[in-house]
Structures are given as C-alpha cells and as structure tokens.
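What follows is a single structure, written as structure tokens, with notes after it.
Letters A, B, ... mirror the listed sequences (proteins, then strands); counts begin at 1. Note that this is a predicted model, so its numbers are computed, not measured.
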Amino acid sequence: MIDPQLLRKTPQVVAERLATRGLKLDLQLLASIEADRKQWQTQTESLQAERNRVSKSIGKAKANGESVDDLLASVAGLGDQLDQANQQLQQVQQRWDEFTLALPNLPDASVPPGSDETDNQLVREWGSPRELDFEPLDHVDLGAGLTGLDFETAAGIAGSRFVVMTGQVARLHRALAQFMLDLHTLDHEYEEIYTPYLVNAKSLQGTGQLPKFEEDLFAVSDDYYLIPTAEVPVTNWAAGQILAADQLPKRFVAHTPCFRREAGSYGKDTRGMIRQHQFDKVELVWLSHPNDSWDALERLTDHAEQVLQKLDLPYRVVNLCGGDLGFSAAKTYDLEVWLPSQKTYREISSCSNFLDFQARRMQARWRDPETGKPALLHTINGSGVAVGRALVAVLENYQQADGSVTIPAALQPYMGGVESIDRVSA
RNA sequence: GGAGAGGUGGCUGAGUGGUCGAAAGCACUGGUCUUGAAAACCAGCGACGGGCAACCGUCCCAGGGUUCGAAUCCCUGCCUCUCCGCCA
C-alpha cells in the first residue's frame, strides 16, 4: 500500500511516479473520496465527542444522586444521527480501501521507463552460451529420452501444464532443491523455514496478490488459496508483528511448491515445463531495517546468482522497466538463464525490493530504538531459484550429442556421485 | 469428533456497565547515586487516525446487538490451551 499521507498530501507526485508504470492515477476520484472522508470523519467524530461528554456527565450525576432526565433528553436524537454519519464514514472508508489496495507500488527512480520486457535494462551477463557442435534438443525431448519427464501421463492425471518426473530426473529435481537450500543456509546464512501451502485471503492481501489478482490463484474451499509463491506465507511470518531491532535483518529460505492458474497466458509456453500450474521454488526473503533494503536487494540478488554460477549456467541480469514491474515491487532484477533450445535467456528468478509497501498492508513492524516507536520494516524477496526451470536449464545446457545429460559437479554429491544420466535406447 | 477453559499494552497479568486507555510487575528511556557498571531510589513510557494547534476520535481477538454510556452484558465467527477419542 502506498503511504496514505503521500496520497493525501501530494497526489500529483504519486501520479507522476505511477505514470512510470504506464498507470494513470484518477486524481479526481481520489480528491472526491478524500473530500467525503474528511466531511464524514469530522462529523462522526464531533457527534461521538458530544455523546461521550453527555454520557460522562450522566455517570457523574447518577453518582451524586441527581436527576438525569434532562441529560437523557439532550441526547435523544443523537444516536440516530451518529449511526447515519458513521455509516457514511464507513462507506467512504471502504471506497478508500478499495482504491488504495488496488494501487501498485511506486517504482524507484532507478527503474527504467518502458512498457514491456523489450524495455528492460541489461545490468550484467555471466558466462557465455556453450558452443554445441550438434543441434540441441529441448528439455521435453531430452526428458523423454531419459524416460524421466512425462507430460502426457500428467495430463491424464491432472490436466495440461503439469508434469510427472521419474527416476534420475526426479532425483535431479530433488538434488537441485537440496543444493540450493544448503547453499543458502550454509554459505549465505539464511534460516530455513517450512510454512503452510494453503493461506487465507488476508495473507494474500498482505503481499499484494489480492484483491487485484484473484484470477491468477487457485482457490480451494473454505476460503483457502494455494500459494502462488513462498513469498506469501514467509513474508506474512511478520504480519502484525513488532520485531526488536536486533532481530533485523531476518532472512528466510523456503523450498515450496507453487501453484498458479496461468490465466491469461493461454498459448504461452504450452510446451514443456517452463510454465506449469505446479512448480517448486526455493525462495529467499528478507525482513530488513528500512535503511538497508537497497543493499539487501543487491545481496539477495547475488545469492540467487550464486546458484547459477555454481551450476555453471550462463545467465544475465535485467532491471525491469516500469511497465514490466510486479504490482508490489519498487524495483526488480530478473535473472534470466540461457536455454540452448530456444537460443534465448528465460526468467529463472525475480528479486524485488518492496520497501514498506507489503509491510504496510500486513502491518509488519519493528521497534526503532531511536524513537522507541514501532515503524514499518522493509521486505525483499527473490527466487533462489525456480527449481523446475533450473532443471530445464541443466538438462538443456548439459546435454550431449548422444542425448545423455552430464550432471554439474555441484550437484553430483546430491546424486550419489552420479555423473551422467543416460538416454534409454528405445 | 466429544467435554471444558480462555483471548487485555513489547511481555506477564488485574479489571466493579459510568473520570478505564485500562492496576501491578517485567522490559525500555531519562535522572540521582557510583571511578565505571550493577543494585537501589525518583520520573517517564500503548497503538492508530484527524487537526496548524489547543485538542478530538478509535482501538482491550473479529463482526453484530443491548444501553445515554460496554474491556465489562448478549449473539456469531476465528484462534489458543487442557482432557478424552481417532490418526500420517
């Protein structure tokens, strides 16, 4: 949520910054809601003040054994007036909430202008695509040859955009997750956390998926939603909390499945496991001191990059432009890994600083020793990295001419020393 | 699933329908004392919103209700704990 003070006092500044996203703030609507709010709040509060005054004197009069008939008469119609004013106020507040909850975060000044991914800014590249002296297969054909990836069976069990993994491929998938968890907990000093995979609407509102993006989520009965990312349960760990200063920064790593409807992406990446309804992800989350969040974003991004570097997978880092920026983010670096079959870089991690945007929605605070007062903390998160896409990247980048796949050295300890997965001759 | 108890400030924990935003303790902050620290003593100390300000309002799990007035009474929901049963 954008700071309400900023919205009220400098709406045109907010409008300018939101324009970076290609979003037009309805200043007129904002002004009219705010005018109504002021009127009804003032009226409600003065009626409440009067009621409180009279009620207190009734109490005193009764204590003194005096008659209270006159006092009672003087508040006769007050209750109804108050009810009406209060109803109006609640309506206005609801309009305000709906309006502000639907506003995305303000992009940071370092976010490049632009409308879509073609305007994203290249930050750096690491490694260079391997020169293959044969025509690379994509992971679907590779996986089929290894008899480890089976989309047809998955379609029969569940539907499209699911996969069944078996044998050494399933093990490789698990090895990737284990490797990432160990890297982040042991080398990068994250605390491992296990959370619910079903969450309530409040948590989703806290991180910003609701109320605007319900169609992206799988809702199950009883008001639960499947998590679209571990960001939701992990960040909400701090919801409603007031953390002590020495608890910051709090850094969590979680390995969870993620579930997404992928509504609106019909026809996109229909082949293979790039875009699935269910996928695993290792997620990094920081809860930080407000002064440290920009540094935290750089460090978290580096931690995600370390995964790709240790796997020796070529990638690049891009700074998302305003139009490509997610709803809650103030700034996002995407890590894009090289896929030989597509001869292009594909997103494998997204690292964002949300500043106090999520913290305000979920009331995640810390106590500032300078002031002794609670203050909003900052949240930062990123994938470290998407496990399914990492599997795709390993399969494709480590494929051999005979259809086998060598195992990256970093993963071999997690594969029982296996150095290669071989094609099963048909 | 059955039976019971309870949800109050950063924490523990009192609270009679009427100066209760709420006792007390802990924690925290400032001061006295001390070479310094601790202890002791004194003082201060909830959050959120509105207003230039004086000040006003809201909040004792959440939502309704009764009342001139609700932390306190009534209803509903959520959550926690204890016991029994069942269970990966």
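Comparing the same atom, C1', in G18(B) and in A71(B) gives a spacing of 13 Å after rounding to whole Å. For G7(B) and G13(B), the C1' atoms lie 13 Å apart once the distance is rounded to whole Å. Taking atom C1' on both A70(B) and C60(B), the two are 11 Å apart, rounded to the nearest angstrom. For the P atom pair drawn from A27(B) and C61(B), the interatomic distance equals 26 Å after rounding to whole Å. The C1' atoms of G69(B) and U58(B) are separated by 16 Å, rounded to the nearest whole Å. When the P atom is compared between C59(B) and U19(B), the two are found 15 Å apart, to the nearest whole Å. Comparing U76(B) with U66(B), their C1' atoms are spaced 15 Å from each other, to the whole Å. Comparing the C1' positions of A22(B) and U16(B) gives a spacing of 13 Å, expressed to the nearest Å.
In this structure G49(B) sits in a base pair with C56(B), meeting the Watson-Crick or G-U test at under 3.5 Å. Under the Watson-Crick or G-U wobble criterion, with both distances below 3.5 Å, C68(B) is paired with G18(B). With a 3.5 Å ceiling on both atom-pair distances, the Watson-Crick or G-U wobble partner of U76(B) is A62(B). Across every strand in view, C87(B) sits unpaired, with no contact that passes the Watson-Crick or G-U test at under 3.5 angstrom. Base pairing annotation: C28(B) forms a Watson-Crick or G-U wobble pair with G44(B), both donor-acceptor distances under 3.5 Å.
Note: CD (Gln39(A)) to P (G50(B)) measures 17 Å, nearest angstrom. As a whole-Å value, the separation of Glu370(A) CD from C28(B) P is 17 Å. Remark: C1' of C28(B) and CG of Asp246(A) are 13 Å apart, rounded to the nearest angstrom. The interatomic distance linking Lys9(A) (NZ) with C52(B) (P) rounds to 8 Å, in whole Å. The interatomic distance linking Gln5(A) (CD) with C52(B) (P) rounds to 11 Å, in whole Å. Going from atom CG of Leu243(A) over to atom C1' of G10(B) covers 11 Å, rounded to whole Å.
In this structure, Arg367(A) contributes its side chain and Gly372(A) its backbone to a donor-acceptor pair below 3.5 Å. Checking side-chain atoms of Thr207(A) against main-chain N and O of Ser203(A) turns up a donor-acceptor pair under 3.5 Å. Under the 3.5 Å distance criterion, the side-chain polar atoms of Arg423(A) are left unmatched by any main-chain donor or acceptor of Gly145(A).
Separating the CG atom in Leu89(A) from the CD atom in Glu45(A) is a distance of 8.0 Å, to the nearest 0.5 Å.
A side chain to side chain donor-acceptor pair (under 3.5 Å) check over residues 1-23 of chain A, counting only residues at least two apart or in different chains, returns the pairs Gln5(A)-Lys9(A), Arg8(A)-Glu34(A).
Here Pro4(A) lies out of heavy-atom contact (under 4.0 Å) with every strand.
For the residue pair Asn105(A)/Ser328(A), the side-chain donor-acceptor check at 3.5 Å is not satisfied. Between Asn52(A) and Ser55(A), the side chains place no donor N or O within less than 3.5 Å of an acceptor N or O (distance only, hydrogens not considered).
Within the 4.0 Å cut-off from OP1 or OP2 of G50(B), at least one side-chain nitrogen or oxygen of Arg8(A) is found. OP1 or OP2 of G10(B) has not a single side-chain nitrogen or oxygen of Gln241(A) nearer than 4.0 Å.
Residues Lys60(A) and Gln41(A) each lie close to RNA chain B; by heavy-atom proximity, the contact nearer the 5' end of the strand is made by Lys60(A).
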### Message
I need a per-nucleotide contact map over nucleotides 53-79 of chain B, read 5' to 3'. Cutoff is protein heavy atoms under 4.0 Å; write B for the base, S for backbone only, - otherwise.
### Response
---BSS---------BS----------

Anything under 3.5 Å between a donor and an acceptor, one on a side chain of residues 248-264 of chain A, the other on a protein residue two or more places apart or in another chain? List them.
unit_1, atom_1, unit_2, atom_2, d
Lys250(A), NZ, Glu191(A), OE1, 3.4
Arg251(A), NH2, His188(A), O, 2.4
Arg251(A), NH2, Glu189(A), O, 3.1
His255(A), NE2, Asp280(A), OD2, 2.8
Arg260(A), NE, Pro228(A), O, 2.8
Arg260(A), NH2, Pro228(A), O, 3.0
Arg261(A), NH1, Leu217(A), O, 3.2
Glu262(A), OE1, Ser265(A), OG, 3.2
Glu262(A), OE1, Arg275(A), NH1, 3.3

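Listed nucleotides: U19(B), A47(B), G50(B). Nearest to the side chain of Lys373(A): A47(B). Looking at the side chain of Ile242(A), the nearest of the listed nucleotides G10(B), U19(B), C48(B) is G10(B).
Looking at heavy atoms from C-beta onward, Leu311(A) lies in side-chain contact with Leu411(A) at the 4.5 angstrom threshold.
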